[in-house]
> 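Have a look at this one before I ask anything.
Convention: sequence-line order gives letters A, B, ...; per-chain numbering from 1.
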Amino acid sequence: MKLQALSGMKDYLGYESEELTDLSNRGLELFARAGFRQIRTPLLEEAELFDRSLGSGSEVVNKQMYTVQQGGDRLIALRPENTAGVVRAVNENRLLSNRSQLKLCYAGPMFRHERPQSGRLRQFHQLGLELFGRSDPLADAEVIWLGQQLLQQLRIDNTKLLINSIGCTECRPDYIEKLIDAVEPAAEKLCQDCQQRLSTNPLRLLDCKNSCCQELYSDVAPSIVDHICDGCRKHLEQLQEYLALLGVESFLTASLVRGLDYYNRTTFEFVSGDLGQQDAVLAGGRYDGLVEQLGGEACPAIGFSAGLERIMLLRSSYNDPRVDVAVDCYFLPIGKQALYKILPLVAASRSDSSGLRVELGNPEKTVKSQLRRANRYGARAVLICGEQELDKGLITYKDMASGEQTALDLTTQKKFAEQLKRLYFKFN
RNA sequence: GUGGCCGUAGCUCAGCAGGCAGAGCACUCGGUUGUGGUCCGAGUUGUCGCCGGUUCGAAUCCGGUCGGCCACCCCA
């Protein structure tokens with residue numbers, strides 16, 4: 001059988017890999033300016049960590065984790081998301097002792113075993129941040145503002161910010177009860193999935209994509225924002241005020257219910273109409289109970305993460321940046337003697353401070369074919385060395401755009417480098 | 001996990017009521033001395049995704065499998 005990448009796993013070639021690195025770096029830099037320090041946690045964690053944080057009933061934990069049985073009954077898992085791991089690390093390294101606030105950011109691969117689609121891979125990359133120790137809506141506003149800044153700086157426009165509050169442990173159970181009461185009488189009209197949800201995860205009824213269900217809910221289902229407690233409502237209202245103040249436009253969306261159990265109060269999602277069904281580019285929410293739930297001192301927190309592959313999809317649909325990087329100087333030796341002369345110059349030109357991209361030809365090939373290749377590489381300058389040059393201690397500088405040729409003195413390397421630079425910048 | 005469409009040269013694809021595997025682009029070389037792009041000429045490239053079945057004969061029909069795209073589910 002032919003060897004090939006696993007389903008849903010992708011090779012990032014050339015430009016794609018470079019862009020992935022570049023996007024991560026630009027994001028982390030933006031976060032750093034807002035005081036976030038980097039954290040890099042292991043790709044593997046105990047599976048229990050995700051059971052206890054995301055919720056053992058959640059789709060991600062139930063069906064999408066890559067797990068490995070290790071030793072006796074120890075089950076380990078490739079991380080399907082990063083918040084749980086970060087919280088584990090915060091607790092384990094006691095990062096919250098002696099401080100009231102902690103800001104962390106990260107970028108790296110996540111793994112979910114689901115059916116691949118555009119914008120959905122089994123190994124994908126997320127860029128995100130977590131802010132610990134702040135329960136005030138100003139923290140939410142700052143975090144959401146950073147999300148918006150990130151998208152803006154990466155030239156992702158046409159996104160829409162959806163926000164919602166899913167209440168807290170005090171008020172959510174009451175709401176869920178009311179929701180069930182309202183929907184249950186009509187249970188027979190619901191789709192299969194919703195009938196299931198009614199018993200397993202009633203909140204998720206709200207974001208069913210079936211239009212029949214949606215119609216029913218808009219008729220009978222109470223809106224969650226009308227039923228959250230005073231504290232939660234004030235939090236939401238204050239957040240909306242701050243967002244307005246920051247110039248961040250948001251749309252209150254009662255159906256925005258996220259799939260991970262740890263969220264409370266604020267949830268938000270930046271969605272794009274240009275991504276097909278996988279429309280969330282950047283999403284997150286508040287998770288005030290998680291730190292304690294995973295064994296730490298109680299500590300409120302909020303965070304988000306962005307899907308880098310989805311960002312790349314959006315960028316390529318707006319502009320087509322797939323241009324191969326051109327070579328600056330192509331060294332062209334004619335014969336082995338010339339190679340001996342040229343090789344040290346190539347080495348020097350690649351390592352000096354000029355930053356020039358340098359390519360070396362093949363001394364066995366004809367001048368014609370080497371020049372062809374130099375041209376294909378987009379070389380701006382070619383440095384030719386053959387018998388004629390060797391005799392005189394010279395090297396020929398050829399500017400590819402004009403075809404103009406100049407002789408450079410080869411007597412000392414330093415002198416050569418200076419001349420090369422001068423000529424190169426004269427022509428470019 | 002469920003369903004629909006797809007898989008032929010490095011790339012984009014044609015060929016498919018069963019009869020020698022194709023085109024464009026790309027690539028290599030050449031168009032007399034050591035000069036690219038444009039032009040002209042020549043040439044190379046295949047496990048037709050894989051395994052099996054039907055058949056005298058399968059890229060073509062059938063079954064399975066792997067991979068891709070899309071939708072559901074769910075999510076970044």
Side-chain angles (χ1 to χ4, degrees), chain A residues 1-10 13 54 57-65 80-83 107-128 147 150-151 156 159 191-194 196-197 201 204 207-210 256-260 268-272 275-285 303-314 330 332-335 338 361 363 365-390 396 398-405:
Chain A
M1 194 175 105
K2 212 183 284 180
L3 290 173
Q4 55 185 345
L6 293 171
S7 176
M9 306 275 171
K10 180 179 160 48
L13 307 173
L54 310 185
S58 71
E59 185 95 359
V60 170
V61 166
N62 254 341
K63 290 155 57 177
Q64 301 179 355
M65 280 209 299
E81 60 99 52
N82 207 25
T83 300
M110 309 295 158
F111 304 84
R112 289 181 200 173
H113 190 101
E114 39 185 348
R115 196 68 165 257
Q117 232 170 288
S118 92
R120 179 198 287 161
L121 293 159
R122 289 184 174 174
Q123 174 175 340
F124 60 102
H125 295 79
Q126 286 190 334
L127 167 67
L150 176 70
L151 296 178
I156 308 297
T159 62
C191 68
Q192 286 281 318
D193 291 323
C194 279
Q196 188 73 28
R197 291 186 183 111
N201 198 344
R204 300 219 59 94
D207 66 355
C208 179
K209 281 177 184 126
N210 186 307
L256 179 63
V257 182
R258 302 185 45 71
L260 312 178
F268 63 96
E269 220 169 72
F270 285 86
V271 297
S272 165
L275 274 178
Q277 288 309 299
Q278 282 63 49
D279 62 352
V281 186
L282 184 155
F304 68 68
S305 77
L308 288 176
E309 283 82 0
R310 289 183 186 177
I311 286 177
M312 293 205 281
L313 281 176
L314 289 172
Y330 188 97
L332 192 163
I334 307 165
K365 295 268 182 188
T366 63
V367 175
K368 186 192 189 92
S369 86
Q370 290 196 72
L371 269 172
R372 266 186 192 157
R373 173 156 300 179
N375 190 60
R376 186 149 19 92
Y377 286 164
R380 310 228 174 90
V382 173
L383 291 134
I384 302 167
C385 183
E387 260 177 55
Q388 295 166 20
E389 286 82 1
L390 286 172
T396 299
K398 178 184 176 78
D399 176 70
M400 290 296 271
S402 65
E404 196 175 319
Q405 298 193 170

> Taking atom types as they are modelled, is there a donor-acceptor pair under 3.5 Å from the base of B:G34 to the side chain of A:Q388?
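It does, because a donor-acceptor pair links the side chain of A:Q388 to the base of B:G34 below 3.5 Å.
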> Dump every N/O contact between nucleotides 37-45 of chain B and the protein below 3.5 Å, one line per pair.
residue : atom : partner : partner atom : Å
B:G37   : O4'  : A:N375  : ND2          : 2.8

> So, using side chain to side chain contact (heavy atoms under 4.5 Å, CB included) as the criterion, who are the partners of A:I334 when residues are at least two apart?
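Only A:L332, A:V367, A:I384 meet the side chain to side chain contact (heavy atoms under 4.5 Å, CB included) criterion with A:I334.
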> For A:S305, enumerate each residue passing the side chain to side chain contact (heavy atoms under 4.5 Å, CB included) test, keeping only those at least two apart in sequence or located in another chain.
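A:S305: side chain to side chain contact (heavy atoms under 4.5 Å, CB included) contacts with A:Y106, A:Q126.
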> With hydrogens left out and only the distance checked, is there a donor-acceptor pair under 3.5 Å joining A:R120's side chain and the base of B:C74?
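For A:R120, whose side chain was compared with the base of B:C74, there is a donor-acceptor pair (under 3.5 Å).
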> Test for a donor-acceptor pair under 3.5 Å between the base of B:G68 and the side chain of A:Q4, counting only N and O atoms.
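Side chain to base: no pair below 3.5 Å.
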> Applying side-chain hydrogen bond (donor to acceptor under 3.5 Å, both in side chains), name anything that partners A:K10, two or more places apart in sequence or on another chain.
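Here the qualifying residues are A:E16.
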> Which residues pass the side-chain hydrogen bond (donor to acceptor under 3.5 Å, both in side chains) test with A:Q388, sequence neighbours left out?
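side-chain hydrogen bond (donor to acceptor under 3.5 Å, both in side chains) list for A:Q388, sorted by chain: empty.
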> Regarding A:A306, tell me which of base, sugar-phosphate or nothing describes its non-hydrogen contacts under 4.0 Å with the strands shown.
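The answer is nothing, as A:A306 stays clear of every strand by at least 4.0 Å.
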> Can you sort out the partners of A:R380 under side-chain hydrogen bond (donor to acceptor under 3.5 Å, both in side chains), two or more places apart, ordered by chain and number?
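Only A:D328, A:Y424 meet the side-chain hydrogen bond (donor to acceptor under 3.5 Å, both in side chains) criterion with A:R380.
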> Could you give the side-chain donor-acceptor pairs of residues 306-314 of chain A under 3.5 Å, partners two or more places apart or in another chain?
residue : atom : partner : partner atom : Å
A:E309  : OE1  : A:H125  : N            : 2.9
A:E309  : OE2  : A:Y12   : OH           : 2.5
A:E309  : OE2  : A:H125  : N            : 3.2
A:E309  : OE2  : A:H125  : ND1          : 2.7
A:R310  : NE   : A:G119  : O            : 2.7
A:R310  : NH1  : A:A280  : O            : 2.9
A:R310  : NH2  : A:G119  : O            : 3.0

> With a 3.5 Å cut-off and heavy atoms only, can you find an N or O donor on one side and an acceptor on the other between the side chain of A:R310 and the base of B:C75?
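A donor-acceptor contact between them is present.
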> State whether the distance check finds a donor on one side and an acceptor on the other, under 3.5 Å, for side chain A:Q370 versus base B:U35.
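No, the side chain and the base share no sub-3.5 Å donor-acceptor pair.
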> Kindly write out the residues that satisfy salt bridge (Lys or Arg N to Asp or Glu O under 4.0 Å) with A:R122, not counting sequence neighbours, or none if the list is empty.
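Not a single residue meets the salt bridge (Lys or Arg N to Asp or Glu O under 4.0 Å) criterion with A:R122.
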> How is A:R376 classified with respect to the nucleic acid when contacts are heavy atoms under 4.0 Å: base, sugar-phosphate, or nothing?
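The residue A:R376 makes sugar-phosphate contact but no base contact.
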> Strictly under 3.5 Å: I want the nitrogen or oxygen pairs between protein and nucleotides 8-11 of chain B, one per line.
none

> Does A:R115 reach a base, just sugar-phosphate, or nothing at all? Heavy atoms under 4.0 Å.
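It contacts base atoms.
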> Note every stem involving RNA chain B: at least three consecutive Watson-Crick or G-U wobble pairs, i with j then i+1 with j-1, with both distances under 3.5 Å.
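Stem segments, range with range: B:1-7 with B:66-72, B:10-13 with B:22-25, B:27-31 with B:39-43, B:49-53 with B:61-65.
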> Which residues satisfy the side chain to side chain contact (heavy atoms under 4.5 Å, CB included) test with A:E387, sequence neighbours excluded?
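Result, side chain to side chain contact (heavy atoms under 4.5 Å, CB included) vs A:E387: none returned.
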> Does A:T83 offer a backbone N or O that forms a donor-acceptor pair with the side chain of A:E81 under 3.5 Å?
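Flag set: sc A:E81 to bb A:T83 pair under 3.5 Å.
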> What pairs with A:Q370 under side-chain hydrogen bond (donor to acceptor under 3.5 Å, both in side chains), at least two apart in sequence or on another chain?
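With neighbours one apart ignored, the set is empty.
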